[in-house]
Amino acid sequence: MVLYDANPGENVIIREINLQEKTTRRLEMLGMTKGTKVSVLEKKRSGPMIIKVRGTRVALGRSFVRGIRTEKYE
Amino acid sequence: MNEINVAFVGNPNCGKTTLFNAYTGARLKVANWPGVTVEKKEGRMKYHSNSYKLVDLPGTYSLTCYTMEEKLTRQYLLDGDADIIVDVADASSLERNLYLTLQLIELGKPVVLALNMMDIVEQRGMEIDLHRLPEMLGIPVVPVSARKKRGLDILMHAVAHHYDKPAVPKEHHHPVGAHIHQHHDEYVMVYSDDIEDKIDIVISMLEKKYRDINNVRWYAIKLLEHDREIMERYPIDLSGIADESLESEIINQKYDFISEIISEVLVNKERKSAATDRADRILTNRYFGVPVFFLIMALVFFLTFTIGDWIKGFFEGWIEAFSNATGNMLENIGAGEMVISLVTDGIISGVGGVLTFLPNIFILFLALAFLEDSGYMSRVAYVMDGIMGAIGLSGRAFIPMLLGFGCSVPAVMASRALEDPQDRRRTILATPFMSCSARLPVYVLFSDMFFGKYAMIAAYSMYVIGVITAVAVLFVLSKTGKKTENDLLIELPEYKTPSKRTIAIYVWEKISDYLQKAGTTIFIASVILWFLLNFNTNGLTHDMGTSFAAYVGRFFAPVLSPAGLGYWQIGVALFSGIAAKEVVVSSMGVLYGISNVAAPEGMSMLSSILNDSGFTAINAYSMMLFCLLYVPCVATIAAIKRESGSFKFTLTAVLMQLGIAWVVSTLFYQVAIHII
């Protein structure tokens with residue numbers, strides 16, 4: 001599943017980021033490295049989501065949330 | 001003893017600028033979205049017997065060279081001016097903030113970590129082990145509160161004692177037992193054997209080729225990360241040693257170490273749900289987010305017009321009294337008729353007419369400062385992302401547009417936060433349509449004169465039409481040009497009660513800008529206008545209709561006539577409004593010889609004069625439309641030129657706006673006179 005498939009209140013683990021090299025690095029520098037736990041706080045139908053990663057809230061646009069491969073985490 | 005140079009570095013929103021202000025008292029702008037302190041700001045202070053130069057560097061998440069802020073900060077730190085780095089971290093999101101800390105330590109300069117916002121940490125029931133943290137990082141850690149000005153002395157004490165001592169790890173941290181590289185007593189951040197091997201190889205290559213590098217380890221790591229700038233500066237052959245994916249591995253290992261620190265240092269991680277999460281459940285809600293934002297903006301403008309107008313009443317009285325007193329005084333000391341006319345009709349009616357609107361502008365900026373400092377502004381980027389997406393931009397582009405309600409100049413400058421040059425240019429084109437505070441006096445004047453009890457709705461509609469025009473322009477532009485993949489990525493900081501000091505500094509800065517503008521641009525424009533209106537080729541004239549200005553006005557009148565603005569006076573007012581939009585108001589006063597144009601008596605005089613010449617509510621609305629949309633003021637044009645770096649682009653922007661203004665107001669006027 002990609003991050004976009006997760007709903008508010010759910011937790012996922014980042015497995016892989018399939019975006020442009022530059023974007024991937026920027027996300028990693030903000031702490032979105034492989035194996036990081038992410039909780040979904042808000043989500044709009046059109047795509048953008050608010051997630052909490054390493055104690056920080058980040059808003060991510062529609063194409064980004066579709067390029068992050070994740071796995072459910074309970 | 002030389003001056004000690006202290007560089008303040010930190011993530012955006014960590015309170016770095018507030019801390020900097022607490023030391024220097026400098027009147028700096030504090031804002032809540034990444035990258036607003038693009039300029040380098042300096043201040044000086046004494047602590048005990050030493051003098052210090054403090055430098056506030058742009059907020060940045062890392063020391064790579066992707067964004068302008070990163071480049072600026074890194075360049076400054078590398079150039080070697082800084083003796084010591086104060087790394088300001090938001091303790092409430094320590095984990096993310098430590099990433100920059102590790103990078104700064106790696107630079108090899110002395111670093112002191114200032115842990116800001118400890119109060120939020122405590123509120124949430126979390127605790128940070130302040131003994132273990134400095135042990136693991138090998139640098140002094142000082143808890144501070146920039147807002148409450150706590151810990152400032154201790155932080156400076158740490159700076160005074162450590163400016164010549166780089167980080168030294170006090171204790172081995174890696175749990176991994178046998179490590180063939182014995183670096184743990186040398187470096188804070190030690191990588192896996194595999195990467196350390198590569199670092200050693202690159203170091204030996206660098207040392208052979210370039211003998212003058214300080215802190216060769218940092219350069220070696222950057223080369224392994226394939227950092228473009230460093231690769232150009234110190235080209236070496238990396239083939240067979242590292243490919244580009246190694247950067248990812250280096251980032252991962254830093255975060256692995258950070259996770260280790262956090263697990264030892266942070267007690268009671270997130271026991272209470274933060275107040276921010278509860279507020280966000282409404283403010284960023286998928287259904288309520290947009291309507292709530294529009295409600296907030298409606299409230300902002302409602303306050304601007306109602307409370308602002310109420311205070312404005314007092315201002316009018318003072319200015320009128322001042323004008324009368326000055327006139328009497330000049331008469332008493334025997335000043336000539338011409339001097340009295342210049343001072344009262346020219347200067348006081350011009351500058352005074354603009355000063356009257358100070359209360360409205362004060363309220364508007366107060367509200368904008370509140371939105372920024374509370375942390376709401378970056379939410380707007382998320383909330384508006386859907387709508388902005390439909391016109392080919394990310395929600396991030398909405399922030400410059402929102403700032404445009406205050407003043408177009410900083411708004412155009414704020415478009416820097418967008419990375420893609422094409423997105424930046426589109427945003428720059430759309431921003432001046434967001435009605436800035438300088439246009440507000442024009443709306444208030446004309447709507448009060450012609451729309452009676454509907455005045456507020458008439459003025460309000462200008463803001464709505466401005467937004468619609470901006471959106472329409474962006475929509476058309478999104479159909480041309482290539483599609484970019486630049487998407488929203490913005491940190492949403494913790495909500496906080498805005499600090500009085502921060503807001504006071506912000507509002508004072510804007511108000512003093514406005515006063516300065518009244519004292520310079522508007523003053524000069526009023527004087528020039530008075531001369532043009534009272535002189536012609538034969539010298540002094542008492543009939544303005546034969547003055548120089550009338551010639552200029554008559555030149556524009558035929559072009560403006562389809563829009564119902566074919567009066568030479570209007571032509572003069574609009575032309576002089578390019579200096580600053582408020583000048584439209586002051587010139588109306590000067591043009592019609594009304595000393596207090598913004599007061600009720602002045603307005604009724606002006607409106608009866610205008611009515612007599614066939615200028616009705618329809619013309620007034622057309623005038624407001626034209627003022628909303630036409631050429632931005634010279635300061636904005638200069639900002640557009642600076643930001644785009646292109647004369648052609650600037651000219652296009654100006655002509656496009658002029659064209660849109662003419663088309664919209666002509667359309668409105670032609671339709672309106674045929675219906676009514």
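Computed from a predicted model, the values in this text were never measured in an experiment. Just so we're on the same page: letters track the sequence lines, and every chain starts at 1.
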Next item on the list: Determine whether the side chains of A:R54 and A:T33 contain a donor N or O and an acceptor N or O closer than 3.5 Å.
Entry: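 Present: a donor and an acceptor within the cut-off.
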- Query: Are side-chain N/O atoms of B:K254 and B:Y191 paired as donor and acceptor at under 3.5 Å?
  - Reply: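 B:K254 vs B:Y191: donor-acceptor pair found between side chains.
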For the interface with chain B, which of [options] has the highest count of heavy-atom pairs at distances below 4.5 Å?
options: A:K43, A:R62, A:K22; value: A:R62
options: A:R45, A:E21, A:K34; value: A:R45
options: A:L41, A:V58, A:I50; value: A:I50
options: A:G61, A:G35, A:G31, A:G47; value: A:G61
options: A:L30, A:L60, A:T24; value: A:L30

If one checks every heavy atom of B:D280 against chain A at 4.5 Å, the contacting part turns out to be both
Okay, B:S62 and chain A: the region with an atom under 4.5 Å from a heavy atom over there is side chain
One should read off an interatomic distance between B:E122 CD and B:S92 OG, to the nearest 0.5 angstrom, of 12.0 Å
- In plain terms, say whether A:R57 and B:E494 are close enough for a salt bridge, that is, a side-chain N and a carboxylate O under 4.0 Å apart. yes
| query | Would you say the ring centroid of B:Y61 lies under 6.0 angstrom from that of B:Y99? | reply |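 They do not qualify: ring centres at least 6.0 Å apart.
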Answer with yes or no after comparing the ring centroid distance for B:F293 and B:F398 against a 6.0 Å cut-off, counting only values under it. yes
